[in-house]
Amino acid sequence: MALTASVLTLAGCAGDDGSNGVDGVAGLDGADGVSSVETPNATNVSLKALTVEFNPVALPVDDATKTTLQATDTVRINGTDQSIGYTKLIATGETDNAETFGAVKDYLGNAITFEDASAYICNGTNDGVGSGLDYFSILQQGGNLYMVSQFECQIGAMYMNQLTQDGAGNLSVTPGTLEFIDQSPEFGGFVHCAGQTTPWNSHLGSEEYETDARMVEETADPVTGLTGNKYYDETAKFWGNDGTKLNPYYYGWTPEVKVVAGSPEYSKHYAMGRFSHELSYVMPDQKTVYMSDDGTNVGLFMFVADVAGDLSAGSLYAAKWNQVSDAGLGNATINWIDLGHTTNAAVRALLDADNDVATNDAPVFSDIFSAEDPAEDGSCPTDGFTAINTTAGNECLKLNDVNGDGNIDDTDGALASRLETRRYAAMQGATTEFRKEEGITFNAKDNKLYVAMSEVARGMENNMKNGEAETKYDIGGNNDIKLDYNKCGGVYEMDVAKDSTIGSDFVAYNMKGLIAGIPTDYSANPLLSANSCDVNGISNPDNVTFLEDSNILVIGEDTGAHENNMIWAYNIKDKSLNRMMTTPLDAETTSPFWHKDVNGFGYMTAVTQHPMEDQDGATDAQKQSEAGVLGVFDFSTP
């Protein structure tokens with residue numbers, strides 16, 4: 001059952017200039033009126049007000065600032081200045097406890113090496129396939145602090161170590177504690193992207209850019225199992241270079257790491273669906289989880305667990321964008337299409353029927369769907385097939401008997417919705433037109449969810465001619481989203497409310513632009529000519545995090561339209577925008593996440609990913625992905 005809420009749409013207007021001279025940042029009018037929704041349950045929400053202002057970092061303009069990390073040194077909290085700074089914790093290639101941070105291993109626990117016999121380290125700047133360290137969490141368990149890190153390579157490594165916190169709150173890696181996290185019982189890891197420290201103090205991760213199972217079935221060599229696709233074939237190294245042990249349905253899930261008696265306990269949540277997971281964000285009820293899907297023609301998903309703090313069983317939903325306005329980043333109401341209920345165990349049984357991860361007995365694409373070629377206009381020639389347009393393009397699909405019981409029913413639909421989440425959602429009418437959906441965060445004080453969209457492009461564009469979809473990104477699909485192209489992207493906000501039908505207090509019912517990047521021509525300015533989005537505004541936003549009880553939304557970037565990627569503090573009330581950090585050349589900013597109270601001290605995590613990758617003369621040390629924290633913050637200031 002879907003929730004549809006009607007809203008009063010108000011046109012956006014320009015926001016106030018930021019304190020560091022940001023011009024033309026889109027603002028919002030007053031709160032929209034809402035009908036047919038209930039007030040969310042806020043019993044777990046702290047409402048202690050914080051006013052937070054960061055001393056802005058200057059735009060890097062010389063070699064010294066362009067090639068090093070720059071971070072704010074002062075923050076004013078409730079009118080009192082605090083000195084803060086950036087602290088490096090650990091970088092790829094560093095060794096401890098006979099382990100190398102970022103080194104990947106195969107399913108037998110053996111180190112994987114490059115052709116020259118050197119360690120295969122996921123740092124994003126060597127011969128490995130992937131981007132490097134992406135996210136790390138800080139976990140408080142049993143009176144100790146732990147750090148769990150995940151790596152965004154095709155062979156997705158994870159590591160855990162302890163952290164030492166001194167009396168002033170300064171953090172450092174505890175020597176002798178670095179530990180490799182074995183993911184082989186769940187087929188290994190894959191392109192671990194963003195994550196979250198859950199309300200129950202576990203590490204909730206992601207597996208991004210899931211491989212197209214239809215492509216694998218149609219192209220895999222029957223002897224080697226390899227396809228010629230370097231991203232898929234690279235993962236065969238995890239299986240001892242045996243591609244026949246590899247299956248696309250092993251990857252594209254949400255992993256979780258809990259610390260139990262000082263040791264990592266790893267699992268994958270198959271009930272939450274398989275797609276290109278950028279981030280899974282748990283809401284305050286500890287049941288509702290929003291999940292972003294990174295790529296072209298992707299969806300937006302919501303999972304509602306049966307039991308708070310336990311993501312092993314629940315119902316999955318896909319968003320339907322109902323456009324109200326095409327101004328700026330757009331404005332829409334959202335309703336949620338029910339994709340069914342299932343459990344980790346039910347899906348895992350399909351992936352591993354003989355309970356032996358080294359034997360590939362998982363499904364192939366044709367076990368899930370029958371497919372036929374669409375007509376030239378994108379429609380399906382045969383009754384019973386449904387036309388869709390997703391990351392895989394325009395297809396005509398029909399559901400098969402997934403569990404092999406002789407019937408095609410809701411159970412098959414629920415299983416298909418987990419193995420082929422995006423395709424099945426599109427078949428049910430959900431919107432699969434979003435472009436590079438990135439981070440998610442929540443503002444409990446105002447009951448608003450925020451979602452970063454790296455670009456407004458492709459399926460999101462108004463690609464129409466004479467009333468018909470004009471490009472490959474809309475043909476055969478819904479063409480729900482009809483917006484103007486914006487290469488710089490933006491951040492959307494979504495209001496949430498209680499929905500008794502879905503069984504959640506945190507169901508989003510609209511989606512509208514909050515802040516957009518501004519394309520800018522700097523060709524006449526030699527100092528700024530390497531930039532093509534306004535240097536005083538965001539560009540291709542990636543991960544976002546909201547500082548609880550404040551008005552501060554932190555926005556990181558993954559962009560080539562700024563010469564140096566930046567992390568911004570955006571005040572959602574006065575629309576001011578300040579640079580908190582800038583990264584070295586070529587580096588992406590990942591992993592910003594607030595830890596507001598770690599034994600009374602506050603920190604914002606940050607990762608510098610693949611720095612100086614293309615810079616001649618850069619040292620090996622300069623090219624390592626690095627984990628660090630901004631702080632120490634004291635949020636107890638009255």
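R214 pairs in a salt bridge (charged side-chain N to carboxylate O under 4.0 Å, His left out) with only one of the listed residues (E218, E210, E217), which is E218. No option in R423, R274, R422 other than R422 meets the salt bridge (charged side-chain N to carboxylate O under 4.0 Å, His left out) test with D293.
With sequence neighbours left out, the side chain to side chain contact (heavy atoms under 4.5 Å, CB included) criterion links D352 to F187, R348, D354, N355, V357, D361. For A375, the side chain to side chain contact (heavy atoms under 4.5 Å, CB included) partners are D377, S379, not counting sequence neighbours. For the ring-ring contact (aromatic ring centres under 6.0 Å, His included) test, residues two or more places apart in sequence or in another chain that qualify with F275 are H277, F301. Shown here are the side chain to side chain contact (heavy atoms under 4.5 Å, CB included) partners of E613, two or more places apart in sequence or in another chain: T125, D586, H610. Residues passing the side chain to side chain contact (heavy atoms under 4.5 Å, CB included) test with A430 are A318, I337, A425, sequence neighbours excluded. Remark: T219 pairs with no residue by the side chain to side chain donor-acceptor pair (under 3.5 Å) rule, at least two apart or across chains.
At distances below 3.5 Å, at least one donor-acceptor pair connects side-chain atoms of D412 with backbone N or O atoms of N403. For N247 (side chain) and P363 (main-chain N/O), a donor-acceptor pair under 3.5 Å exists by modelled atom type. Under the 3.5 Å distance criterion, the side-chain polar atoms of T343 are matched with a main-chain donor or acceptor of A346.
The shortest side-chain heavy-atom distance between E455 and N486 does not fall under the 4.5 Å cut-off. By the 4.5 Å heavy-atom criterion applied to side chains, V451 and Y281 are not counted as neighbours. By the 4.5 Å heavy-atom criterion applied to side chains, H192 and F151 are not counted as neighbours. Contact check for D542 versus E557: no side-chain heavy atoms found under the 4.5 Å cut-off. Residues Y232 and P248 have side chains in contact (heavy-atom distance under 4.5 Å, counting atoms from C-beta outward). Inter-residue side-chain proximity for D367 and N400 is flagged as unmet; no heavy-atom pair is nearer than 4.5 Å. Side-chain contact between V491 and M453 is absent, with no heavy atoms from C-beta onward closer than 4.5 Å.
The ring of Y209 has its center no closer than 6.0 angstrom to the ring center of Y251.
By the 4.0 Å N-to-carboxylate-O rule, D233 lies too far from K230 to be salt-bridged with it. Taking a cutoff of 4.0 Å between a charged side-chain nitrogen and a carboxylate oxygen, D326 and K482 do not qualify as a salt bridge. Classification of E207 and K268 as a salt-bridged pair holds, one side-chain N sitting under 4.0 Å from a carboxylate O.
Under a cut-off of 6.0 angstrom, the local environment of CG in D410 is sparse, with at most 12 non-hydrogen atoms contributed by other residues, nucleotides or ligands.
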Does D480 form a side-chain contact (heavy atoms from CB on, under 4.5 Å) with Q323? I'd like the steps, not just the answer.
CA-CA 7 Å; D480 292 329; Q323 188 155 307; over 6 Å; no
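Classified by interplanar angle (parallel below 30°, tilted 30° to 60°, perpendicular above 60°), the ring pair Y424/F369 is parallel. Ring orientation note: the planes of F546 and Y450 are close to parallel, at an angle under 30° on the 30°/60° scale.
Contact detail for N443 and I572: the closest heavy-atom pair is ND2-CD1, 3.3 Å. Closest approach of I440 and L449 over heavy atoms only: CG2-CD1, 3.8 Å.
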